[in-house]
A.B. asks: 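My questions all concern the structure below.
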Amino acid sequence: MTTEFKGAADLAARFPAGFTWGAATSSYQVEGATGADGRGKSIWDSFVNEPGRVVDGSNGDTAIDSYRNIAGDVATVKALGLNSYRFSLSWPRICPDGDGRVNPAGLRYYSDLVDALLAEGITPWITLYHWDLPQALEDRGGWPVRDTALRFADFALIAHTALGDRVKHWITVNEPWCAAFLGYASGEHAPGRREPAESIAAAHHLMLAHGLAARAIKAADPEATVSIGINFYPVYAATDAPGDLDAARRVDGVQNRWFTDAALRGAYPEDVVEDFKALTDFEFILDGDMELINAPVDVLSVNYYSRFTVTGNGGSASASAAPTGAGSAWPANDHIGFVPAGLPVTDMGWEIEPSGLTDVLTRLHGSYPGVGLAVTENGAAFPDKLDDGRVKDPERLDYVERHLAACADALDSGVPLVGYFAWSLADNFEWAWGYTKRFGLVYVDFETGERIVKDSGRWYGDLVRRARTNREAE
Ligand code: FCB
């Protein structure tokens, strides 16, 4: 394996000692066992049963069976030589009704997973919310309702009380943009509502949930590293026409600044507030909310995949959109179109721009200098084929290599980047795209559950081993 991947040595040498090397997954995408051991229903269990919501009509009932295969997951992380693993907790597995009633079997699964990881020297990074809201809370209004944020704070404390003795890295909410606007505006994701005004309330309550959970965890363990996961995109105007420049400001505002300014500055960006006034009077923002949202954040979790070019003249939906969506995922911005820039794309249709990751990281460091940064998701779907026991995926290998070089460039310019997690550890259920998109470093035969490390995974493992051997020896 070592002679095959020559470039890895130089790249490995560009990362500092103590760097976090990981891969990521999320509960609904990998666990399966949706009816097992007292787990409650999540909004994804309901959504997948509605005809036309998932392109291949599939669901996460089995997924890649992680709930029943702790040993297999840990062995996979270990086979890649990683020192960290990011996974999420299924809220309804732990709190089946979304309230304070705890399902001990749910907690036990995560506790066992944590123990198994630690026994192999692998550091767990836990995401508390990766989109699987208890259906019981959606029945009471979901994220547009304030109480959901309060219930989330309770859940965060329950999880931290059970696991916080061993788990020090906590990401509160993953990609509130997706949860709010794909869930409640475009309807591409669960719960599939198309209510633009309500989606803005949902976005606020997701941030309130983050603030309350971050504060609860910090109060319980001042040593904990608290984070929020946000998906960032460089946004370019298609031309210098005023309408296109304004479109770029608007998309950058909703996508990149809305959530970070709230979390790290305690205020929503004024220009986006003005744009959203077309839809809402913000009566859901109560006195004191912004202070609560502005909770201490140790590390900002950066999820990075692609870039956008936008026009104010309407046009196509974002390439991120699933074909199942109808509404716009850009509330108050329906006139904005997304145009291809002619770059190579992944199997998602997402344009590949590694330098955009350097730009995002340096810009975030410039805007919010006091906070550490981690890339907590980065990766690409390609239509992999298992051929004679091997998966050759040169496009994914190239994607990961170039994005890691982009991380190294950011480190060179002084960005306090502490880690990188590939999305994903293994092929899994890709939301509205079902099992039609493969993001894993490890191939999964969805019929048999068999796992085979792809060439990209072997390359990444080789790089990580080199980086860890070089640096941990120092
Ligand atoms: C991110 C999600 C993750 C996965 C990747 C491809 O937006 O957080 O669950 O679907 O995209």
Side-chain angles (χ1 to χ4, degrees), residues 22-31 42-44 47-48 53-56 58-60 63-64 66 85-91 125-133 171-183 186 188-190 206 210 227-233 254-256 259 300-308 318-322 324-325 329 345-352 356-357 360 374-384 395-396 399-400 403 420-442 444 456:
T25 61
S26 88
S27 45
Y28 189 74
Q29 295 180 274
V30 299
E31 283 180 8
S42 86
I43 53 175
W44 273 92
F47 186 74
V48 295
R53 295 299 204 179
V54 178
V55 292
D56 59 357
S58 66
N59 58 52
I64 62 166
S66 286
Y85 176 48
R86 174 182 173 224
F87 60 95
S88 80
L89 308 184
S90 162
W91 186 353
W125 283 50
I126 285 185
T127 309
L128 283 162
Y129 187 71
H130 203 126
W131 310 349
D132 42 1
L133 181 71
I171 300 171
T172 55
V173 174
N174 178 69
E175 300 187 357
W177 181 86
C178 294
F181 300 132
L182 299 181
S186 75
E188 287 155 69
H189 281 184
L206 280 151
H210 153 72
S227 184
I228 177 169
I230 297 178
N231 47 331
F232 295 98
Y233 295 78
V254 177
Q255 185 79 57
N256 299 325
F259 300 100
L300 182 61
S301 290
V302 175
N303 296 355
Y304 178 82
Y305 290 95
S306 188
R307 50 164 271 152
F308 291 141
S318 158
S320 310
T324 49
V345 296
T346 69
D347 196 30
M348 300 294 281
W350 297 352
E351 287 181 332
I352 301 171
L357 177 53
V360 161
V375 173
T376 42
E377 285 184 28
N378 174 243
F382 286 106
D384 303 309
E395 298 98 336
R396 184 176 296 100
Y399 181 101
V400 176
H403 284 79
Y420 174 91
F421 291 80
W423 183 273
S424 177
L425 177 67
D427 295 336
N428 58 50
F429 177 78
E430 179 49 35
W431 310 114
W433 297 93
Y435 296 99
T436 67
K437 306 291 180 191
R438 292 179 177 273
F439 272 93
L441 295 174
V442 173
V444 179
S456 60

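Each ligand, and each atom within it, is numbered from 1 in the order the structure gives.
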A.B. asks: Testing Thr127, Thr376, Ile230 for side-chain contact (heavy atoms from CB on, under 4.5 Å) with Asn174, which one passes?
C.D. replies: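 Only match with Asn174 under side-chain contact (heavy atoms from CB on, under 4.5 Å): Thr127.
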A.B. asks: Ring centres of Phe232 and Tyr304 under 6.0 Å apart?
C.D. replies: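 So the answer is no for these two rings.
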A.B. asks: Show your working on salt bridge (charged side-chain N to carboxylate O under 4.0 Å, His left out) between Glu188 and Arg53 and close with a plain yes or no.
C.D. replies: CA-CA 7 Å; Glu188 287 155 69; Arg53 295 299 204 179; over 6 Å; no
A.B. asks: What does the list of residues with a heavy atom under 4.0 Å from ligand 1 look like, ordered by chain and number?
C.D. replies: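 Within 4.0 Å of ligand 1, the protein residues are Gln29, His130, Trp131, Asn174, Glu175, Tyr305, Glu377, Trp423, Glu430, Trp431, Phe439.
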A.B. asks: Step through it carefully: locate the ring centre of Tyr28, locate the ring centre of His130, and say whether they are under 6.0 Å apart.
C.D. replies: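 Ring centroids of Tyr28 and His130 are no less than 6.0 Å from each other.
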A.B. asks: Does Asp347 reach the main-chain N or O of Ala381 with its side chain, forming a donor-acceptor pair under 3.5 Å?
C.D. replies: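 No; judged by distance alone, with no hydrogens or angles, the pair does not exist.
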A.B. asks: Restricting to non-hydrogen atoms, name the atom on Val48 and the atom on Phe429 that form the minimum distance, rounded to 0.1 Å.
C.D. replies: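 Looking at all heavy atoms of both residues, the closest pair is CG1-CZ, 3.9 Å.
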